[in-house]
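Have a look at the structure below, then the notes.
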Amino acid sequence: MKKKSLLITGGAGFIGSNFIPFFLEKYNDYHLINLDALTYAGDLENLKEVEKNLNYSFVKGDIRDQELLFHLFQKYEINGVIHFAAESHVDNSIKNPTIFAETNIIGTLNLLEIARNHWMEQPFVYKEQYVGARFYHISTDEVYGSLGSTGFFTEQTPYAPNSPYSASKTSSDMLVRSYFHTYGMNVVTSNCSNNFGPKQHDEKLIPKLINNAINGRQLPIYGDGKNIRDWLFVEDHCRAIDLVFHEGKAGETYLIGAHNERTTIEITEYICEYLDKVFPKSKSYKEQMQFIKDRPGHDFRYAIDASKIEKELGWKAEISFEVGMVNTINWYIRKYSKMVEEL
Ligand code: NAD
C-alpha cells in the first residue's frame, strides 16, 4: 500500500522533534518529510533516533522558498501538512519583528497557496487523488492576549495579540481560516499553552533556568515573577496533535491545555527545590534567583479551557505537572551537566 506523504514543517524544533518520533512509532503508513531551515532554533541532534527510519526524510529548506515548496509537493505527492515552523520566541520578536512576519505570516501563506494549488481543482473541489488532504496549523494561546486573574481562553475568545510574535501567529491563524471559508480547504488549527519537556532550546524559560542554575549563574525573573502560564507537557501535546490531525473537524479550532497554571516564581522555585535534592550544592539554588526589568508588553496570565477537545475528541492530559517536570529537569540535567564536564 502506498504510504501517505505528510509534510512536517519545523520538525527540528522543540515540539516537532518530540512529535516526529512519537508519530513514526505509532504509524507505519505515513512517510514524514521534515522541512526545516535549521535556524538557531532547529537541531538535528534531537532527531537522531529517527534519522535512519525509512518512513522519514529530512529536507533543509525554508518555508519562504516557494519554488522549493512546489518541488517538494510534486516530488513527494504531499497529501497532508502539519505546520510547526515558526519564529517562536517573544523576546526575539521584540528585538526583530520583521523575521516573525516573514516566516510566520508569509511562510504560512506560501504553504497554504502551494497546498491549495497542488490539491484543489477549484474552490471547494479537491482533485480526486487529494480528497481528504489536510492542512494542520499549530498555533498558540498567545493570540488571545492576556487574562486578568480569573477566566479562561476558549475557542470563542476574541483575538487580541500583544507582542509581534503573537501578532504574527494571529495573522497566520487568520490566513488559515480564510482558506477554509474562501477555498473550502480542509484546514484545522490548534492553539496550545506553553509547552515544557525535553529538546527545548536553551533560550526558553525552563531550560534556561536549569542551565543557569547548574552553571552557578543568576536565575533571571522578569518583573515581580507573578505572571502566570498554563503548562502543557509536550508528550500530551503530541497526542493531542495526532488526534486533531486525524479526527478534528475541518475549519475548526481546538484549544489545548492541561490546567497547570503556575507563576514564574513557582516554576523557578520548583526547579531549585528539585535541584537542591538531586544535585545539592553548599547553598540552595534559590539564592541565584534575581528579579530583572520586566519584558515590555508582558502578558499577565494565560489559561486554557480545553473542554472542547476533551469532550469532542476525547483528549485529556495524561501526565501530571510533577511527573512532567521531573522528566524534563532530569533530561536537562543530563544535557547541561555533560556540557559542564566537557568544558
Ligand atoms: P521552535 O522555535 O523550537 O522550532 C521552530 C522550528 O522551525 C525550528 O526547527 C526552526 O529551524 C524552524 N524554522 C524557523 N523558521 C523557519 C523557516 N523559515 N522555514 C523552515 N523552518 C523554519 O518552536 P516550537 O516551540 O517547537 O514551536 C512549534 C510551533 O508551536 C510554533 O508554530 C509555535 O508558534 C507553536 N507553539 C509553541 C509553544 C511552545 O510552548 N513551545 C506554545 C504554543 C505554540
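Counting convention: from 1, in listed order, for ligands and their atoms alike.
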Legend entry - Location of contacts on T140 toward ligand 1, heavy atoms closer than 4.0 Å: both
Inset, instruction - Report yes or no: does G61 have a heavy atom closer than 4.0 Å to ligand 1? - result: yes
Inset, instruction - Check the pair S88 / K169 against side-chain hydrogen bond (donor to acceptor under 3.5 Å, both in side chains), numbers first and verdict last. - result: CA-CA 9 Å; S88 70; K169 292 297 286 188; over 6 Å; no
Legend entry - Salt-bridge contact E49-K199 (side-chain N to carboxylate O under 4.0 Å): yes
Inset, instruction - Report yes or no: do N55 and D29 form a side-chain donor-acceptor pair below 3.5 Å? - result: no
Inset, instruction - Mind checking whether N104 contacts ligand 1 via backbone (N, CA, C, O), side chain (CB onward), both or neither, at a 4.0 Å heavy-atom cut-off? - result: neither
Legend entry - Any N/O pair L35/ligand 1 closer than 3.5 Å: no
Legend entry - Approximate separation, where rounding is to 0.5 Å, of Y332 OH and N327 CG: 10.0 Å
Inset, instruction - Output yes when the distance from some N or O of ligand 1 to some N or O of D141 is under 3.5 Å, and no in every other case. - result: no
Inset, instruction - Show which atoms of ligand 1 fall inside a sub-4.0 Å distance from at least one heavy-atom site of N194. - result: 40 (O)
Inset, instruction - For ligand 1, note which part of Y165 has a heavy atom under 4.0 Å away: side chain, backbone, both or neither. - result: side chain
Inset, instruction - Could you tell me if any non-hydrogen atom of C192 lies under 4.0 Å from any atom of ligand 1? - result: yes
Inset, instruction - Answer with side chain, backbone, both or neither: which part of S17 has a heavy atom less than 4.0 angstrom from an atom of ligand 1? - result: neither
Inset, instruction - Taking the six-membered ring for Trp and the full ring for Phe, Tyr or His, determine whether the centres of H201 and F14 are under 6.0 Å apart. - result: no
Inset, instruction - Go through ligand 1 atom by atom and flag the ones less than 4.0 Å from a non-hydrogen atom of S139. - result: 43 (C), 44 (C)
Inset, instruction - Look at the side-chain heavy atoms of Ile, Leu, Val, Met, Phe, Trp and Tyr, link any pair under 4.5 Å apart, and say whether L72 and M120 land in one connected group. - result: yes
Inset, instruction - Using distance alone, determine whether D36 and ligand 1 share an N or O pair under 3.5 Å. - result: yes
Inset, instruction - Closest by any non-hydrogen atom to atom 15 (N) of ligand 1: pick that one out of D62, N92, T103. - result: T103
Inset, instruction - Check each heavy atom of K169 against ligand 1 and say whether those closer than 4.0 Å belong to the side chain, the backbone, both or neither. - result: side chain
Legend entry - Nearest neighbour in protein (non-hydrogen) for atom 4 (O) of ligand 1: G13 CA, 3.3 Å
Legend entry - Shortest heavy-atom approach to atom 29 (C) of ligand 1 - which of F14, F84, F100, Y302: F84
Legend entry - Contact (N/O only, under 3.5 Å) between A85 and ligand 1: no
